[in-house]
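The block underneath contains the structure these notes are about, expressed in structure tokens.
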Amino acid sequence: MPLTPKPTELRAIGEKLGVDYTEADIDFIGEAIGPFVEAANAAMRLADNLPVVTYPRTPGWQPEAEDNPLNGWYWRTEVTGAPEGPLSGKTVALKDNVLLAGVPMMNGASMWQHYVPEADATVVTRLLDAGATITGKAHCEYFCLSGSSHSNALGPCHNPVKHSYSAGGSSSGSAALVGAGAADLAIGGDQGGSIRMPASFCGIVGLKPTHSLVPYTGICSMEVSIDHAGPMTRTVADNAAMLEAIAGPDGWDARQQAVTVHRYTQALDKGVEGLRIGVVKQGFGLAESMAEVDSAVFSAVETLSKLGAEIDEISVPAHTGIGDIFMPMIAEGMVRQLTFGGGLGSGAYGFYPRSLLEKNLATADRGNEFPDTVKAMATFGTWVMEKYGGRVYAKGQNLRPYFRAQYAKVFEGVDLLLMPTTPMTAMKLPDAETSRKDWLHQAWCMLANTSPYDYTGQPAISLPCGMTSDGLPVGLQLVGRHFDEPTIYRAAAAFEGAYGVGPGGV
């Protein structure tokens, strides 16, 4: 049914714009925009030009608790890919902010439960084209706003190494399922560390690629300038093979400019002889750092040195300096995306499934269901946006080239940066006795070493490098130049060859 703006609506819009419309103004404006209103109604009658869904699938099922001991799965299904390909025989779990046509998703949120998209994300099609089989949607945190694994509306996700401990977040289910062997591969998303932090906690390999290397088309956005999607796997070799399958421009994602793609698997056997690795002083000895974590990472440094890498301790002030701008900017960006973009981004070339926009609009009055993570960030982001009128967001974008230039200078002297992925290991999940303050603190206390590289957009990997005395994995983070994932894989594969695969190593 065609829509026509009512006089009361026009008056309300004027008030939002700071204009006091008279009755004559309303009559005039209503008549002036009449042809454009007709065009908008005609546009709504056009068919959406969304990517074609090419691989058959069933709606699947929601697993019972006995079949989901870690609460890592939201939904199970089976989508079989091409009969042959580099990922043939591999099973994949998708973080539940990734659109899979015909299969429910909830993005960790009660208000989105049982939303069913009509299109596949680009990474879905690419994985299937490479021969993988998608076996379900992995739980993530409520709107992906936690670095721990206790904010999902359907309960916490457990660590596969130690039950009742955090699996990390926000790609919590992705890490837990790969760590438990319930999926060979998983897609994760990273805006503050949400691939690398759960990889660290669960003892798996997680890569945040260079910003825009992997198309984010069809994945729920938090802030377009820091959205990343990437591979989570048991081994470095699987990680490189998965990245080969999903990297490169897709013609939809406006984030992708001058993308450089490599054959990542060809870097795996090149070793670290002659590589210059800078051990970032600011990544160790933080207020929240565990001595056992720092010790395990320093042991990894010794291993890399013995393998032939040139090691230097370096100071990178930008590593901590980014913190002042990162959180206010991402909070404001998140509010903009959820408010104006329906969770899919806004103001850029791309595809926007109307079903998700409609779901977002239909649940806009259910904010009382938000956990404290979402309430706090949404409130802060809205306050920043309204109080500073977009100036904080603008400053964050304007400072990005400055901070990227600081890192470019650092990389004149080294090939990789090294530090702990998370300053601590997985903590025990909150329970009924946990205060709201501690519940919230646990969601964000592990971001210090990961979030800077979402802001600068550089590639970074987490891989297991040791265990603490209480049997929990420690993650080693390597950071590279933009689009230099091959060098990261060189070092990661060499270290894994010496240490072994998984939390226990060799």
Side-chain angles (χ1 to χ4, degrees), residues 145 147 190-197 200 208-212 222-228 276-289 293-294 297 301 312-334 376-377 380-381 383-385 387-388 390-424 441 443-462 475-484 488:
L145 283 175
D190 198 311
Q191 283 93 358
S194 289
I195 288 173
R196 293 158 290 154
M197 296 183 303
S200 176
K208 181 197 76 66
T210 303
H211 185 256
S212 83
M222 185 178 295
E223 156 54 35
V224 293
S225 67
I226 58 168
D227 289 330
H228 300 74
R276 302 166 300 168
I277 299 178
V279 179
V280 178
K281 183 167 60 176
Q282 286 82 357
F284 298 81
L286 306 173
E288 60 270 27
S289 291
V293 168
D294 283 358
V297 174
V301 171
D312 285 304
E313 184 180 69
I314 62 172
S315 177
V316 184
H319 181 76
T320 52
I322 286 169
D324 287 341
I325 192 63
F326 177 79
M327 194 59 77
M329 191 197 81
I330 190 176
E332 182 174 342
M334 178 203 73
M377 286 297 287
F380 174 57
W383 179 84
V384 167
M385 185 164 55
K387 190 71 173 179
Y388 293 101
R391 297 182 186 90
V392 169
Y393 185 84
K395 190 178 289 289
Q397 298 294 5
N398 293 341
L399 283 171
R400 195 189 303 266
Y402 166 78
F403 280 108
R404 288 176 64 143
Q406 299 307 301
Y407 275 99
K409 290 180 182 178
V410 172
F411 276 103
E412 290 175 1
V414 298
D415 299 305
L416 294 171
L417 304 179
L418 182 152
M419 68 206 76
T421 307
T422 55
M424 73 292 286
H441 174 74
W444 297 331
C445 63
M446 68 294 288
L447 298 168
N449 285 347
T450 55
S451 60
Y453 306 105
D454 291 278
Y455 182 71
T456 63
Q458 291 159 283
I461 199 169
S462 179
L476 165 69
Q477 181 171 236
L478 299 170
V479 182
R481 300 180 182 92
H482 292 96
F483 298 110
D484 193 17
I488 288 178

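Note that the structure is predicted; figures quoted are calculated from it, not measured.
To the nearest 0.5 Å, atom CG of residue Asp190 and atom CG of residue Asp454 are 4.5 Å apart.
Taking the ring-ring contact (aromatic ring centres under 6.0 Å, His included) definition, one finds that Phe284 meets it with Phe298, sequence neighbours left out. Under the side chain to side chain donor-acceptor pair (under 3.5 Å) criterion, Ser451 pairs with no residue at all, not counting sequence neighbours. Scanning for side chain to side chain contact (heavy atoms under 4.5 Å, CB included) contacts around Pro209 gives Leu207, Leu213, Val214, Pro231, Leu243, Glu485, with sequence neighbours left out. Taking the side chain to side chain donor-acceptor pair (under 3.5 Å) definition, one finds that Asp484 meets it with Thr487, sequence neighbours left out. For His211, the side chain to side chain contact (heavy atoms under 4.5 Å, CB included) partners are His228, Arg255, not counting sequence neighbours. Scanning for side chain to side chain donor-acceptor pair (under 3.5 Å) contacts around Arg404 gives His482, with sequence neighbours left out. Every side chain to side chain donor-acceptor pair (under 3.5 Å) that Gln458 has, sequence neighbours left out, goes to Thr456. Val384 is linked by a side chain to side chain contact (heavy atoms under 4.5 Å, CB included) to Glu332, Phe380, Tyr388, Val392, counting only residues two or more places apart in sequence or in another chain. Partners of Ala405 under the side chain to side chain contact (heavy atoms under 4.5 Å, CB included) rule, at least two apart in sequence or in another chain, do not exist in this structure.
Side-chain N or O atoms of Arg196 include one that pairs as donor or acceptor with a backbone N or O of Thr450 at under 3.5 Å. Put simply, the side chain of Asp227 never gets that close to the backbone of Gln191: no donor and acceptor are under 3.5 Å apart.
Closest of all the heavy-atom pairs between Gly480 and Leu416 is CA-CD2, 3.9 Å. Shortest non-hydrogen contact noted between Pro459 and Ile488 is O-CD1, 3.5 Å. When all heavy atoms of Ala448 and Leu286 are compared, the pair lying nearest together is CB-CD1, 3.8 Å.
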**OP:** Test side chain to side chain contact (heavy atoms under 4.5 Å, CB included) on Met197 and Leu447 and set out the steps.
**Re:** CA-CA 8 Å; Met197 296 183 303; Leu447 298 168; 3.5 Å; yes
**OP:** Could you check Met446 against Ser200 for side chain to side chain contact (heavy atoms under 4.5 Å, CB included), going step by step and ending with a plain yes or no?
**Re:** CA-CA 11 Å; Met446 68 294 288; Ser200 176; over 6 Å; no
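Using a 4.5 Å heavy-atom threshold, the side chains of Cys445 and Met424 count as touching. Taking the side chain as every heavy atom from C-beta outward, Met334 and Glu223 never approach each other to under 4.5 Å. Between Val301 and Ile277 there is no side-chain heavy-atom pair separated by less than 4.5 Å. Here the side chains of Val293 and Pro423 are not in contact, with every heavy-atom distance at 4.5 Å or above.
There is a side-chain donor-acceptor pair under 3.5 Å between Thr421 and Ser462.
Every pair passing salt bridge (charged side-chain N to carboxylate O under 4.0 Å, His left out) that includes a residue from residues 406-422 is listed here, sequence neighbours excluded: Arg276-Asp415, Asp415-Arg481.
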Could you give the side-chain donor-acceptor pairs of residues 316-331 under 3.5 Å, partners two or more places apart or in another chain?
from: His319; atom 1: ND1; to: Tyr453; atom 2: OH; distance (Å): 2.9
from: His319; atom 1: NE2; to: Asn449; atom 2: OD1; distance (Å): 2.8
from: Thr320; atom 1: OG1; to: Pro317; atom 2: O; distance (Å): 3.2

